[in-house]
**Q** 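The structure under discussion is supplied below as structure tokens; questions concerning it will follow.
Worth saying up front: this structure is predicted, and the values here are computed from it rather than measured. Start at 1 with the first residue, then count along the sequence.
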Amino acid sequence: MMMNGEGRRRKEEEEEEEKMRKIKVTEEEIEKMFTKEEVEQTLCGIGPFKPRWIQRLATKEMYMLVYSLVGVTQGMFFTYGVAVISTIEKRFKMTSKESGILMSGNDISQVMLAIFLGYYGTFGHRPRWLGVGALMVAASCFCAALPHLIYGPGEDAIQAAKVATLMGNESSALLRNLAGFKTNEELCHNKPEVSCNEDRSYSYIGAYFLLFLAQFLVGIAISILFSIGVTYLDDNINKKTYPIYYTLTLLLRILGPVLGFLVGGKCLSIWIDPALDPNIDKEDPRWLGAWWLGLYFIAAALTITALPLFLFPFKLPATLRREAKRYKRKAERERREGGGRKVEDFVEESRRKKERVRPNFKNMWSALKRLFRNKVWAGNLFSSTITILALSGYWNFKPKYLENQFRKSAAEANYFTGMASLIVSVVGAVISGSVMRWCRPGPRLVSGYNIFVTLISCLGFFALMFVGCPKLEVVGPMEGSAGPACSSECACSEKYTPVCSEDNVTLFYSPCYAGCSTDNIAANPIEYSGCRCITNSTTALHDTTLAPPEQWGKAHRGYCPEPCNGFFYYFLIQITTKTIVSTSRIGSSIVLLRAVSEEDKGLSLGAITVFISLFGFIPAPIIMGAIIDSACMVWDKSCGKTGNCWLYDADKFRKILHLVPAVFIFISLIGDIVVYRNCRHLDLYGLRDDDIEMDKSPEEAEPLKRKQEEAAKV
């Protein structure tokens with residue numbers, strides 16, 4: 001029975017396609033059907049600049065290319081911000097909760113404006129709206145880079161730069177003695193001076209404001225891109241070929257987030273002041289990369305890709321021709337059935353319908369009520385919101401997690417994140433788009449597969465809770481300890497500068513807590529000697545007995561090498577899970593678009609954007625940041641203020657970051673089940689576009705609906 005129903009459905013689809021191919025429409029017929037103003041709306045150009053040669057570019061393929069390029073560059077900004085957030089925390093002494101608030105700026109603007117942009121933008125000149133949004137992101141990039149121009153690289157970077165300058169001078173030792181240079185290294189009985197001339201609670205408020213404003217402006221552009229941009233593409237192509245076009249745009253736009261991570265990784269491998277090269281290893285937690293540098297590159301790319309959008313027409317010429325075919329076909333069917341309506345009658349009927357749905361607040365309110373009574377749309381809304389709540393915090397703090405859990409540099413963390421996203425997204429999009437275009441599964445099968453994918457995602461996060469590296473054992477003032485007795489007379493501060501003893505196993509909180517008395521800044525990494533807590537024959541000392549000075553050992557800056565294979569298994573599980581999950585993306589998007597009427601598509605996407613921002617994107621990084629802060633073992637403390645976290649409890653961090661998403665994703669199953677139970681009637685491939693009009697009465701449409709629902713069952 002299922003195969004027979006599927007066969008009938010496919011046969012009817014093929015018949016419908018054949019009928020549309022046979023219909024021919026001449027230019028004279030188009031001029032009769034549409035007004036001069038409607039024809040002019042299909043011309044490429046802006047103002048009086050509408051030359052004939054540019055009209056050949058008014059195609060869906062060209063729009064898809066430009067739209068995808070804009071999506072690439074906008075996606076770069078979002079993931080670039082995620083890539084550099086841990087460095088921004090170090091530079092401006094932020095907690096994870098504070099950086100989470102900054103990252104929520106784009107979601108706040110979406111909550112405020114997405115519904116209005118999605119609704120009114122649908123009736124406006126959508127390509128130009130997209131162009132304005134892209135230029136707004138370019139302005140946001142410059143805004144986000146301003147804190148570096150205003151505040152510079154920071155005192156920590158300046159001190160490191162001084163060391164680099166001295167290292168490049170042949171008489172550095174002489175300068176160090178005669179000029180009174182003091183190294184920034186905290187050694188036993190050598191505590192560096194710290195200036196506290198300003199109140200740190202207010203010192204960087206301008207930087208916080210500029211970074212938040214940049215994110216706020218980006219949120220407006222994102223609302224336009226993912227509501228108006230999607231509907232323009234969907235309205236200007238055949239519904240049957242939408243999956244393949246959407247797959248192509250998705251494949252191109254996938255590059256954006258990936259490039260964002262890669263550019264972020266490249267910039268973070270450069271010192272925050274590119275003119276200098278300090279003697280600090282990139283894996284050292286004190287390394288500060290050029291977080292601001294990539295913002296200028298992204299701004300330039302956005303400006304270049306945004307300008308062609310202003311030349312696209314209000315509606316593509318091919319869309320006008322497809323509408324003419326639809327009117328002609330309706331008139332032909334009317335003639336066969338003995339009716340008296342002609343092509344002109346259907347054209348006029350369509351105009352009256354457009355007049356009834358003109359944008360105003362009353363119509364928008366009515367459309368919102370229609371959406372919330374739509375069980376498929378409401379179920380999709382619930383599932384999407386809870387899923388974003390689950391994943392947003394994870395996305396924002398994943399690079400930081402890789403840095404702390406697997407002791408990767410910020411650059412390495414972003415390279416791995418970007419490449420993993422590229423591989424799984426491309427594979428998933430190709431499989432999903434191909435299946436939706438050529439196999440055309442029914443709505444129940446698509447929504448049922450989404451339930452399976454949600455369960456796989458939940459199990460994947462649960463499995464990642466058990467994959468990681470052992471918790472770091474640090475000798476020093478950890479978890480209430482006063483530190484080793486051998487360095488009790490060194491007057492050490494709480495400044496975290498980890499060093500590894502010469503046994504390559506024991507990690508000390510700082511060279512001071514290792515009892516080191518001298519440093520060699522010319523070595524790479526920097527070496528310390530005369531360490532009274534380390535012996536050159538055995539291992540570190542943890543009691544009150546001190547070895548004689550001639551047995552005092554050495555240490556070097558940074559973490560000790562760790563025999564941990566967790567990183568490989570972590571990415572193996574994640575790539576497998578994300579590949580399976582990504583195969584549902586195209587089908588989910590089509591179900592969402594087909595669940596609402598044509599005029600409600602922009603509003604539906606805008607409303608979903610508001611909900612996932614208000615209840616997902618905004619609270620998730622703030623909540624996750626606060627929870628992650630609870631796993632911090634070593635805080636930056638200077639001038640009496642608490643800044644960023646230097647070291648986390650690896651076990652607690654790992655469990656928090658993966659348990660929270662697993663629980664929320666499991667809850668999102670409720671929405672997937674609601675969609676599955678109510679989606680049977682959906683027309684995913686435009687089979688009923690010409691047969692059921694939204695303004696027909698239920699009595700007129702019911703017989704045809706029943707017939708087509710039977711054919712659409714799988």
**Q** Who are the side chain to side chain donor-acceptor pair (under 3.5 Å) partners of S588, not counting sequence neighbours?
**A**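 So S588 forms a side chain to side chain donor-acceptor pair (under 3.5 Å) with N450.
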**Q** Rounded to the nearest 0.5 Å, what's the gap from OG1 on T385 to CD1 on I667? Could you check?
**A** 13.0 Å
**Q** Give a yes or no on this: more than 12 heavy atoms of other residues, nucleotides or ligands lie within 6.0 Å of atom CZ of F216.
**A** yes
**Q** Compare all side-chain heavy atoms of L657 with those of I627 and state whether any distance is below 4.5 angstrom.
**A**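 They are not in side-chain contact.
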**Q** Is any side-chain heavy atom of T79 closer than 4.5 Å to one of L259?
**A** no
**Q** Which pair of non-hydrogen atoms, one from S584 and one from V453, has the smallest distance, and what is that distance?
**A**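 Here S584 and V453 meet closest at OG-CG1, 3.7 Å.
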**Q** For Y570, give me all partners under ring pair (Phe, Tyr, Trp, His ring centres under 6.0 Å), at least two apart in sequence or on another chain.
**A**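 So Y570 forms a ring pair (Phe, Tyr, Trp, His ring centres under 6.0 Å) with Y401, F406, H658.
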**Q** Rounded to the nearest 0.5 Å, how far does CD1 of I386 lie from CD1 of I670?
**A**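 Going from the CD1 atom of I670 to the CD1 atom of I386 covers 8.0 Å.
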**Q** Measure the spacing between CG of N374 and CZ of F372 and express it to the nearest 0.5 Å.
**A** 11.0 Å
**Q** Return the CZ to OG distance between F615 and S392, rounded to the nearest 0.5 Å.
**A** 15.0 Å
**Q** List the residues meeting side-chain contact (heavy atoms from CB on, under 4.5 Å) with S366, not counting sequence neighbours, and say none if there are none.
**A**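 With sequence neighbours excluded, S366 shows a side-chain contact (heavy atoms from CB on, under 4.5 Å) to R370, given in chain and number order.
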**Q** Given side chains that start at C-beta, do those of V467 and R654 come closer than 4.5 Å, heavy atoms only?
**A** no
**Q** Any donor and acceptor pair, going by atom type alone, linking the side chain of K398 with main-chain N or O of G393 inside 3.5 Å?
**A** no
**Q** Taking the side chain as everything from C-beta on, heavy atoms only, tell me whether I580 gets closer than 4.5 Å to F452.
**A**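 The answer is yes; the side chains approach within 4.5 Å.
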**Q** Could you pull out all residues at least two apart from C469 that satisfy disulfide (SG to SG under 2.5 Å)?
**A**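 For C469 the disulfide (SG to SG under 2.5 Å) partners, ignoring immediate neighbours, are C564.
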**Q** Using side chain to side chain donor-acceptor pair (under 3.5 Å) as the criterion, list what pairs up with Y449, not counting sequence neighbours.
**A**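 With neighbours one apart ignored, the set is T583.
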**Q** Testing Y232, Y63, F314 for side-chain contact (heavy atoms from CB on, under 4.5 Å) with R126, which one passes?
**A** Y232
**Q** Hey, mind stepping through Y80 and V263 against side chain to side chain contact (heavy atoms under 4.5 Å, CB included) and telling me if it holds?
**A** CA-CA 7 Å; Y80 184 86; V263 172; 3.9 Å; yes
**Q** Please name the pair of heavy atoms, one in P661 and one in I656, separated by the smallest distance, quoted to 0.1 Å.
**A** CD-O, 4.2 Å
**Q** Is a side-chain donor or acceptor of Q405 paired with a backbone partner of A650 at a separation under 3.5 angstrom?
**A** yes
**Q** List in chain and number order the residues that pass side-chain contact (heavy atoms from CB on, under 4.5 Å) with L614, two or more places apart in sequence or in another chain; answer none if no residue qualifies.
**A**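 With sequence neighbours excluded, L614 shows a side-chain contact (heavy atoms from CB on, under 4.5 Å) to V111, given in chain and number order.
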**Q** Are the side chains of L391 and F461 in touch, meaning some heavy atoms are under 4.5 Å apart?
**A** yes
**Q** Quick one: does any side-chain atom of R444 pair with a main-chain N or O of Y676 as donor and acceptor, under 3.5 Å?
**A**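 A pair under 3.5 Å: yes.
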**Q** side-chain contact (heavy atoms from CB on, under 4.5 Å) with Q215: which residues, sequence neighbours excluded?
**A**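 Once residues adjacent in sequence are excluded, the partners of Q215 under the side-chain contact (heavy atoms from CB on, under 4.5 Å) criterion are F77, M103, N106.
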**Q** For S457 and K578, run side chain to side chain contact (heavy atoms under 4.5 Å, CB included): C-alpha distance rounded to whole Å, both residues' side-chain angles, the deciding distance at 0.1 Å, then the answer.
**A** CA-CA 7 Å; S457 180; K578 289 184 69 175; over 6 Å; no
**Q** Can you name the nearest heavy-atom pair linking I388 to A620, along with the distance?
**A** O-CB, 4.4 Å
**Q** Do side-chain atoms of S668 reach the backbone of I665 as a donor and acceptor pair under 3.5 angstrom?
**A** yes
**Q** Minimum heavy-atom separation for G264 and A83, please, with both atom names.
**A**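 For G264 and A83, the tightest heavy-atom pair comes out as CA-CB, 4.2 Å.
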**Q** Can you tell me how far apart CG (L65) and NZ (K60) are? Round to the nearest 0.5 Å.
**A** 14.0 Å
**Q** What distance do C458 atom SG and L669 atom CG have between them, rounded to the nearest 0.5 Å?
**A** 7.5 Å
**Q** Less than 4.5 Å apart, side chain to side chain, heavy atoms only: is that true for V70 and L130?
**A** no
**Q** Which residues pass the side-chain contact (heavy atoms from CB on, under 4.5 Å) test with T73, not counting sequence neighbours?
**A** A301, L302, T305
**Q** Scan the side chains in residues 376-383 for donor-acceptor partners under 3.5 Å anywhere in the protein, sequence neighbours excluded, and list what turns up.
**A**
from	atom 1	to	atom 2	distance (Å)
N380	OD1	S384	OG	3.4
S383	OG	D672	OD1	2.9

**Q** Is there a side-chain contact between T577 and Q574 in this structure, where contact means two heavy atoms from C-beta onward sitting under 4.5 Å apart?
**A** no
**Q** F568: what forms a ring pair (Phe, Tyr, Trp, His ring centres under 6.0 Å) with it, not counting sequence neighbours?
**A**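 Residues passing ring pair (Phe, Tyr, Trp, His ring centres under 6.0 Å) with F568: none at all.
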